[in-house]
Structures are given as structure tokens and as C-alpha cells.
*Asks:* 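Have a look at this one before I ask anything.
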Amino acid sequence: MFSDNDTNIYVAPIASGVNGIELRNALNTYFGGQRDSNAQYTLNVVLYDPTTKYKALEATGVSTWQEISLVATYTLLAGDKVVATGRESASESYSFVRYLVASNASYNSAVQNTITVLAEKIANRAIAETYKYANTDTKKQ
């Protein structure tokens, strides 16, 4: 998927707190480093708040296993022209125990892993779309 071509993609700031910062950093890593806003392509991402659902319950009704899900929509631009739009999601299950510190660590790890998967999905699509766009005549129209 990755080629010798420079992925000159600027990732606009993602307004979702720490998760947005982490996703932007992960995307910049896939694109070979941070670019400035006058790069050939601009990637705008909207990251939605994580959702959690119960996966396993004890007989008492206490949850022992949960799943975190993240969804992001994105638009890839070449100047003012929309090259691609899409929606990606990723999720991961984690252990939910009675000890607050352990539960928080498990949750945070699951969120980080989910952000990594989400960044990979978006980056792969963006790189493929920039390659496709660069090798078609539609950009000249």
C-alpha cells in the first residue's frame, strides 16, 4: 500500500479532545510526518465520542466485559476538490473489573488500540485515493 510517492497530506486538527489529538498524531505517522496546511491534500476528520456496550454480565448483573467503539467520518480534498469521503469504525473489547485503576487502564488501552486501528483504516484509504487521483485525468478537468 505504501509506495515511494510522497503522501503530502495535511491532517487538519480533530476537535475531539485527547482522542482527536491521538488520532491526528497516528494519521500523521502513517503519512510520514506532519505537513503544513498548504500540502497537496487536506484530510478533515470528525471523530465521534466513544460508545461502550456490555458484552458479559455476572449473575449479579455486574459487567465484566465491555466493548468500546469509535466512529470517524472524513473528507479528503485536493485544493477545493473532494477526492474521497468515508466513514470508518473500529472497536475493541476490554476487561471491566471492580478495581477502578485496573478498569481505567483497561479502558484507556482499548481506546488507544481502537484509535490505532481507525487511523490505519483511514490512512490506507486516503493513500489509495491520492494515488488514484494522481493517476487519473479527472484532476485536470
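In this text the structure is predicted, and so the values were computed from the model without any measurement.
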*Asks:* NZ/K132 to OG1/T136 distance, rounded to the nearest 0.5 angstrom?
*Replies:* 8.0 Å
*Asks:* Hey, what do you get for OG (S16) to CG (D49), rounding to the nearest 0.5 Å?
*Replies:* 6.5 Å
*Asks:* Would you say the side-chain atoms of T114 pair up with the backbone N or O of A110, donor to acceptor, closer than 3.5 Å?
*Replies:* yes
*Asks:* Shortest non-hydrogen contact from Y30 to A123?
*Replies:* CB-CB, 3.5 Å
*Asks:* Output the distance between atom CG (N113) and atom CG (N108), rounded to the nearest 0.5 Å.
*Replies:* 11.0 Å
*Asks:* State, yes or no, whether a side-chain contact exists between P50 and N19 at a heavy-atom distance under 4.5 Å.
*Replies:* yes
*Asks:* With rounding to the nearest 0.5 Å, note down the distance linking CD1 in I68 to CD1 in I115.
*Replies:* 9.0 Å
*Asks:* Could you grab the distance from atom CG of L70 to atom CD of E92, nearest 0.5 Å is fine?
*Replies:* 10.5 Å
*Asks:* So I21 and I14, side chain to side chain contact (heavy atoms under 4.5 Å, CB included) or not? Walk me through it.
*Replies:* CA-CA 7 Å; I21 293 168; I14 302 169; over 6 Å; no
*Asks:* Would a 4.5 Å heavy-atom cut-off, applied to side chains only, mark Q66 and S93 as touching?
*Replies:* no
*Asks:* For Y94, does its backbone N or O pair with a side-chain atom of S106 as donor and acceptor, under 3.5 Å?
*Replies:* no
*Asks:* State whether a side-chain donor-acceptor pair under 3.5 Å links Y74 with R125.
*Replies:* yes
*Asks:* Quick check: closest heavy atoms across E129 and L76, and the distance to 0.1 Å?
*Replies:* CB-CD2, 3.9 Å
*Asks:* For R35 and V11, indicate whether the former's side chain and the latter's backbone hold a donor-acceptor pair under 3.5 Å.
*Replies:* no
*Asks:* Between I9 and T130, is any pair of side-chain heavy atoms under 4.5 Å apart?
*Replies:* yes
*Asks:* Of the non-hydrogen atoms in N8 and A39, which two are nearest, and what is the gap between them?
*Replies:* OD1-CB, 3.2 Å
*Asks:* Are there more than 12 heavy atoms of other residues, nucleotides or ligands under 6.0 Å from atom CG of D80?
*Replies:* no
*Asks:* Is there a donor-acceptor pair closer than 3.5 Å between any side-chain N or O of K121 and the backbone N or O of S89?
*Replies:* yes
*Asks:* Can you find a pair of side-chain heavy atoms, one from L118 and one from L47, that are under 4.5 Å apart?
*Replies:* yes
*Asks:* When you compare the side chain of V71 with that of E88, does any pair of heavy atoms fall below 4.5 Å?
*Replies:* no
*Asks:* Return the CD to CG distance between E120 and L27, rounded to the nearest 0.5 Å.
*Replies:* 11.0 Å
*Asks:* For residues F31 and L43, determine if any side-chain heavy atom of one lies less than 4.5 Å from a side-chain heavy atom of the other.
*Replies:* yes
